Amino acid sequence: MTITYQVKNAVYVNLTNRCPCACTFCLRQNGATIFGSPDLWLEREPTLEEVIASVDGWDWTKYKELVFCGYGEPTERLDTLLAVARHMKEHHPDVKIRVNTNGLADLITGGKTAPRFAGLVDVVSISLNTDDPKEYLEVCRPKFGERAYQAMLDFAKEVRAFVPDVVMTVVDSPVTSPEKQARCRAICDRLGVRLRIRPFES
Ligand code: SF4
């Protein structure tokens, strides 16, 4: 099973298949791979020890970033994620730590999670997807229902105080009009985070 994999000059960590969303565009839905990565579907979740052993297997003189991102939502395993990040900070402090997330960690864990990222994570990249809460519900289909969109925005705002770089992403597609992008930018400006319009598979 693939616990870690390489994308350009970064090593990605695949912690779980679990996710509280069922996005219509999710790569899991159509069996596609990320950047031609190996099959990321996990037969079982790797233990913390297995993840650390896998991370330690890479030559960290060659890679600049460790990214938590797989088929599932990495904050479904927030304790493990942060333990791996701490291990990296202790052994490879020059490597940047990024978490790609749907921003629903508070709802997933049932508590405030933003402070827990302090000193361990350098970049949090949150999928904003849309400026429209109704469309978010239709496209991302979070099991938490209507409260998910606002919870994601709140998390973005709060984690900014603990993580140096917070970015929200919108997938560039024919339905993402310039007007929609502008509205997403306005949301990010209000929250004090960066907006990244990203290609479909990154
Ligand atoms: S949040 Fe990410 S992992 Fe979860 S269903 Fe959506 S695209 Fe897939």
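Whatever order the structure lists ligands and atoms in, that order sets their numbers, starting from 1. Remember, it's a predicted structure, so these values are computed and weren't measured experimentally.
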- line: Within 4.0 Å of some non-hydrogen atom of N102, the atoms of ligand 1 are 1 (S)

- request: Spell out, as yes or no, whether a donor-acceptor pair under 3.5 Å connects the side chain of R196 to the backbone of T169.
  value: no

task: Under 4.0 Å, heavy atoms only, figure out whether ligand 1 is touched by the backbone of C23, its side chain, both or neither.
output: both

query: Is it true that a side-chain atom of N14 and a backbone atom of T2 form a donor plus acceptor pair closer than 3.5 Å?
result: yes

message: Tell me whether the rings of F117 and F155 are parallel (<30°), tilted (30 to 60°) or perpendicular (>60°).
response: perpendicular

message: Does R183, at its CZ atom, have more than 12 non-hydrogen atoms belonging to other residues, nucleotides or ligands within less than 6.0 Å?
response: yes

statement: Near Y71 (heavy-atom distance under 4.0 Å), the atoms of ligand 1 are 3 (S)

query: Nearest to atom 8 (Fe) of ligand 1 by heavy atom, C26, S127, P142, G103: which?
result: C26

- prompt: Can you tell me if NZ on K89 sees more than 12 non-hydrogen neighbours from other groups inside 6.0 Å?
  reply: yes

task: Considering the heavy atoms of C19, write down every atom of ligand 1 situated less than 4.0 Å from one of them.
output: 1 (S), 3 (S), 4 (Fe), 5 (S)

